[in-house]
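Notes to accompany the following structure.
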There are 2 protein chains.
Amino acid sequence: MARVTIAHIAERLGVSKASVSYALNGQPGVSEATRAKVVAMAAELGWHPSFSARALSRSRADAIGMVLRRDPALLGTEPYYMRLLEGVEDVLSEAGQSLLLRMVGTTPGRDTAVYERWAGEGRVDGVIVLDRAIDDPRPELLTRLGLPFVLHGVLPSTEGTERIEDQHRDAELIVSHLAELGHRRIAHITGPLSLAHEVDRRDAVRQECAVRGIEVDFAEADYTFDTAHTRVTELLAAGIRPTALVFSNDVMAVAGLRALADADARDLAAVSWDDSMLCQYSSPTITSLERYPDRAGRRSAAMLLELLDGRSWNTAAPSPSTLVVRETSRPAARP
Amino acid sequence: MARVTIAHIAERLGVSKASVSYALNGQPGVSEATRAKVVAMAAELGWHPSFSARALSRSRADAIGMVLRRDPALLGTEPYYMRLLEGVEDVLSEAGQSLLLRMVGTTPGRDTAVYERWAGEGRVDGVIVLDRAIDDPRPELLTRLGLPFVLHGVLPSTEGTERIEDQHRDAELIVSHLAELGHRRIAHITGPLSLAHEVDRRDAVRQECAVRGIEVDFAEADYTFDTAHTRVTELLAAGIRPTALVFSNDVMAVAGLRALADADARDLAAVSWDDSMLCQYSSPTITSLERYPDRAGRRSAAMLLELLDGRSWNTAAPSPSTLVVRETSRPAARP
DNA sequence: CTGAAAGCGCTTACAG
DNA sequence: CTGAAAGCGCTTACAG
């Protein structure tokens, strides 16, 4: 089956290719009669615009890229990413854009090479950057490459300073919940503090605790079961006795609860910053934050498309998270 | 930054664009001296081939597509897909190919539209088809569209008949394990029997049980917690008393165990056909099949690339699954 | 080995 | 409103 082109349509109709192009793209410059004939003929012949020809002549790939650079093994366990992709994809497909996905693992520099190549080849029109790090080199790199980008989870503020969204409101949800349960001393097992949002979470938790006169300790882990288990065990061994624990993801929450059980300290409360099946079906079930990653993905995709179209920011505010209260929402033990 | 093109390189070097093209593509037709100069200049100028120009002139998109059509909510909970994508992506990126991802949910026909568009626009060179259904219309559609494809998990046999891989070997792993534990009557909670691999699993389990004189019942669910819980509850209510249960995914295994606990029948054995964090961290921990979805993804991607290059099938046999024995590997209760 | 030229299938000023 | 033409940046026969 030879490809159907606008040349075929033009020939069959006895008009020029230009007219066909204008007609098919809804541009002015053709009579309505011609347009109708062209559209009908295109449908009849089953014409689709050649993606590469259009990309070449318009210098637009109609595709946006995402580079996931977490450990592949962890990616599979975090529903966050798949849900995020779902939201992104939803917006893109509605806009006729494609999603290019690359997974590069954690080796430093591999994502840089991908961006350079994408920019050089004109393969994508823009990218969504995930998991922003402290002193993240990517914004500068992408700016230098001339590749438009959106930092996922970062709300461009009117003052020109960036602000990670949500973390403060989320911290308030969690800390106030624990405060209501009577907790006066808590600990937060964070993810890697090289990630900007983990630093923001820690700072927000600290602030919310300060407001309420709650004591708080922090321990840094790396989202894996083992590190979280170790951190919690260390906390207890050091004689630090919080009555509630906050975990930056679900796997660490499960690990922490295991560590507590191992130390016969099952009466502590626990909250996970990420909701998942794990929180829902573990035993005990774990109170957690539903952050609606799909909506966040929709937002980032929409922001990027607006940026590419040169339109002004018109994106709705992020959806507030919801705290899903489960069995680990235990009251503070009376001393 | 204006794009660097082969025209620039040709001009700077005082050679023709053709020579530059040959040199850069490793084609014969240039002297080594010229080639070296061209390559050096390309590197100096930071040249990258324009993806769209190359695609247009070669009629190749250098991209392959995947349409995920499960329920988005379920996608997030099944690490299987992310791990699969990881394997696919790994092979593709090594071959300089891009991965286009679309998630269409379960609405019938939406995937068809995507394939038609991809084929019409020349956006992808081929696709990997997942979750093959009984009487799946996609192979015929893709053939009609002239879009090369690989059916994920299907091994093209030499006899020309397709054969879903693994299911038989996997069934044997599971059933023999249960037989060794002394089970003589089991039940298998399957996923939707509209999916080819679920039918294959059921048939394989039936056969393996027959060989060993084990009685087996089947109940169809849809991979969700609720249906699996209902099916198990119904089984028990009907007076059917297997001593071991097989579940076609991890969520259903968790649900089944819950149903057993609700009915005070905790002593049954259970095996999940999919491994995941859920099996690892639920209580009790669940014996499950590690199927190495990343390797399966690598295989499908490699097969598709071979198909696109017109090379012969050269793909290694699929990796055998491993049974991860955990707490639900209980012996049959003595009557 | 090298260069001039046509072609991939569109878009888009530019004249009529 | 319509048509002839150039251009996007490559690849690839085709002559020299």
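Throughout, protein chains are lettered first and strands after them, A, B, ... in sequence-line order, and every chain is numbered starting at 1.
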Describe the nucleic acid contact of Gly122(B) in one word from base, sugar-phosphate, nothing, applying a heavy-atom distance below 4.0 Å.
-> nothing
Starting from C1' on dC10(C), measure out to CG on Leu24(A) and report it in whole angstrom.
-> 11 Å
Does Ala53(B) or Ser16(B) map to a spot on DNA chain C nearer the 5' end, using the closest nucleotide for each?
-> Ser16(B)
Using a strict 4.0 Å threshold on nitrogen-to-oxygen distance, state whether Arg35(A) and Glu32(A) make a salt bridge.
-> yes
Judged by atom type as modelled, is there a donor-acceptor pair below 3.5 Å linking the side chain of Asp136(A) to the main-chain atoms of Ala133(A)?
-> yes
Checking dT12(D), dC10(D), dT12(C) against the side chain of Gln27(A) (C-beta onward), the nearest is dT12(C)
Give the ring-plane orientation class for Phe51(B) versus Phe51(A), where under 30° counts as parallel, over 60° as perpendicular and anything between as tilted.
-> tilted
Within less than 4.0 Å of OP1 or OP2 of dG3(C), is there a side-chain N or O belonging to Ser19(B)?
-> yes
With side chain to side chain contact (heavy atoms under 4.5 Å, CB included) as the test, would you mind laying out the steps for Leu92(B) and Ile64(B) before giving the verdict?
-> CA-CA 8 Å; Leu92(B) 291 183; Ile64(B) 78 109; 3.3 Å; yes
Rounded to whole angstrom units, what separation is found between the CD atom of Glu121(A) and the C1' atom of dG9(D)?
-> 13 Å
Interatomic distance, Ile6(B) CD1 vs dC10(D) P [rounded to whole Å] = 5 Å
Salt bridge (Lys or Arg N to Asp or Glu O under 4.0 Å) against Asp131(A), all qualifying residues, sequence neighbours excluded | Arg70(A)
Arg58(B) CZ to dT12(D) P: how many Å, rounded?
-> 7 Å
Look at Arg60(A) together with Asp309(A) and state whether they make a salt bridge at an N to O cut-off of under 4.0 Å.
-> yes
Whole angstrom is fine here: how far is it from OH in Tyr22(A) over to P in dT12(C)?
-> 8 Å
Rounded to whole Å, the CG-P distance (Leu56(A) to dG7(D)) equals 14 Å
Nearest to the side chain of Val15(A), which nucleotide is it out of dT2(D), dG3(D), dT11(D)?
-> dG3(D)
Please confirm whether the backbone N or O of Ala61(A) pairs with a side-chain atom of Asp125(A), one donor and one acceptor, at under 3.5 Å?
-> yes
Considering just the side-chain nitrogens and oxygens of Arg54(B), establish if one lies under 4.0 Å of OP1 or OP2 belonging to dT11(D).
-> yes
Phosphate OP1/OP2 of dT2(C) contacted by Ser31(B) side-chain N/O (<4.0 Å) = yes
Could you tell me the separation between the CG atom of Leu13(A) and the C1' atom of dT2(D), rounded to a whole number of Å?
-> 13 Å
Looking at Thr34(A), does any N or O in its side chain come under 4.0 Å of the phosphate oxygens OP1/OP2 on dT2(D)?
-> yes
Please state whether the phosphate of dC8(D), meaning OP1 or OP2, lies under 4.0 angstrom from any side-chain nitrogen or oxygen of Ser50(B).
-> no
For DNA chain C, whose closest nucleotide is more 5', that of Asn25(A) or that of Pro28(B)?
-> Pro28(B)
What stems involve DNA chain C, if each pair must be Watson-Crick or G-U and both of its distances must be under 3.5 Å, with 3 or more such pairs in a row?
-> C:1-3 with D:14-16, C:5-12 with D:5-12, C:14-16 with D:1-3
Would you mind telling me which of dT11(C), dT2(C), dG9(D) lies closest to the side-chain atoms of Thr5(B)?
-> dG9(D)
Report the distance from atom CH2 of Trp47(B) to atom C1' of dC10(D), rounded to the nearest whole Å.
-> 8 Å
Please tell me if the side chains of Val154(A) and Arg132(A) come closer than 4.5 Å, counting only heavy atoms from C-beta onward.
-> yes
